[in-house]
Protein chains: 2
Amino acid sequence: MAEDIFKALSDPTRRHILDELVERDGQTLFEICARLTAKHGLGLSRQAVSQHLAVLESAGLIHARRQGRYKFHDVNTEPLEQIVTRWLRPDTPEGTS
Amino acid sequence: MAEDIFKALSDPTRRHILDELVERDGQTLFEICARLTAKHGLGLSRQAVSQHLAVLESAGLIHARRQGRYKFHDVNTEPLEQIVTRWLRPDTPEGTS
DNA sequence: AGCATAGGCAAGTGAAGACTTGCCTATCAA
DNA sequence: TTGATAGGCAAGTCTTCACTTGCCTATGCT
């Protein structure tokens, strides 16, 4: 479960999606598709991005909230702190910002 | 080049190798093999570990120094700071510990 | 010299995963 | 209620990658 975040980060497209959501939170699938194409030159199908979002969500890196026919995606960078406490600052008592 | 660190971190064995080297720096290939088997229950061939070390080195996460017939491996966690500045603390002026 | 140790190179196999295609469901507006 | 929009599901393809196997080089010891 905690190991899923590394699998999630291993794909460049998923990292671009994270970049995109950090810059502008709460985007829908179609918005993310459009911005990936426009800003990063990635010609991806909607399904491809949808699957990437599923991976990111199961890793806990984003959270999706449904609202009508829209589904908004919010980032959650908190799981990334594991990387810091695992290798960068191993002696940190697990809860220090 | 900077993106290689994510590919390097995507494999569980490579993460265990990092754990091992953070705990005890400067190990040889055979030492790492032995400790992966003993402490993590991984039955890997020497080549497998060697290839993992190559990936970690090309990602800049470890540095190898040859000495006689031994080759010692040292960790370098500095590339991991990119993850922090990319998503966790994006406004950090790129050089603040 | 000869043998053992420490490591490297390269081709082959098998599985994981990124992406597509085609079809289906749900919400909203006219 | 019809049509358009936003999203989901389930194969199928094709590439990447982890690992093995077999052989080769280099250093050190006796």
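Letters A, B, ... are given to chains in the order of the sequence lines, protein chains preceding strands, and every chain is numbered from 1. Basis for what follows: all heavy atoms, side chains included, without hydrogens, waters or symmetry-related copies.
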- Task: Give a yes or no on whether a salt bridge exists between R86(A) and D19(B), defined as a side-chain N under 4.0 angstrom from a carboxylate O.
- Result: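 Salt bridge present between R86(A) and D19(B).
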
- SB check E31(A) R46(A) (cutoff 4.0 Å): no

- Note on the structure: side-chain contact (heavy atoms from CB on, under 4.5 Å) with W87(B): of L18(A), L21(A), V75(A), only one passes, and it is L18(A)

- Task: Locate the shortest heavy-atom distance separating G60(B) from P79(B); write the atom from each residue and the value.
- Result: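 Minimum heavy-atom separation between G60(B) and P79(B): O-CG, 3.4 Å.
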
- Closest approach of S10(A) to R14(A) (non-hydrogen atoms, all atoms of both residues):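 Smallest interatomic distance, heavy atoms only, reads OG-NH2, 3.8 Å.
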
- Task: Please list, by residue number, the residues of residues 16-30 of chain A whose heavy atoms come closer than 4.0 Å to an atom of DNA chain C; answer none if no residue qualifies.
- Result: none

Nearest of [options] to any side-chain atom of [X]?
| X | options | answer |
| --- | --- | --- |
| Q47(B) | dA18(D), dA18(C), dT20(D) | dT20(D) |
| L44(A) | dT5(D), dT20(D), dC19(C) | dC19(C) |
| Q51(B) | dC19(C), dG8(C), dA10(C) | dA10(C) |
| K71(A) | dC9(D), dG8(C), dG7(D) | dG7(D) |
| A48(A) | dT20(C), dT20(D), dC17(D) | dT20(C) |

- Message: List the residues meeting ring-ring contact (aromatic ring centres under 6.0 Å, His included) with H40(B), not counting sequence neighbours, and say none if there are none.
- Response: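 ring-ring contact (aromatic ring centres under 6.0 Å, His included) check on H40(B) returns H16(B).
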
- Task: State, to the nearest 10°, the angle formed by the axis through the first five base pairs of the helix from dA1(C)-dT30(D) to dA30(C)-dT1(D) and the axis through its last five.
- Result: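 Nearest ten degrees gives 20° for this helix.
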
Nearest-Å distance for atom pair [atom1]/[atom2], residues [X] and [N]:
| X | N | atom1 | atom2 | answer |
| --- | --- | --- | --- | --- |
| Q67(B) | dT27(D) | CD | P | 13 Å |
| R46(B) | dG22(D) | CZ | P | 14 Å |
| K7(B) | dT16(D) | NZ | P | 11 Å |
| L56(A) | dG17(C) | CG | P | 14 Å |
| L53(B) | dG8(C) | CG | P | 8 Å |
| R69(A) | dT25(C) | CZ | C1' | 14 Å |
| H52(A) | dG8(D) | NE2 | P | 15 Å |
| L36(B) | dC19(D) | CG | P | 10 Å |

- Item | Same apolar cluster: I5(B) and L88(B), side chain cutoff 4.5 Å | yes

- Message: Measuring only between side-chain heavy atoms, which start at C-beta, is E20(B) closer than 4.5 Å to Q27(B)?
- Response: yes

- Query: Taking side chain as C-beta onward, heavy atoms only, is V49(B) less than 4.5 Å from L29(B)?
  - Reply: yes

- Task: Give R66(A) one of three labels, base, sugar-phosphate or nothing, depending on what nucleic acid heavy atoms sit under 4.0 Å from its own.
- Result: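 Touches sugar-phosphate only.
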
- Message: With a cut-off of less than 4.0 Å, is there a side-chain N or O of S45(B) near OP1 or OP2 of dC19(D)?
- Response: no

- Go through the steps to decide whether L9(B) and I83(B) satisfy the test side chain to side chain contact (heavy atoms under 4.5 Å, CB included), and finish with yes or no. CA-CA 12 Å; L9(B) 292 176; I83(B) 298 174; 4.1 Å; yes

- Which residue lies toward the 5' end of DNA chain D, E31(A) or G68(B), if each is placed at its nearest nucleotide? E31(A)

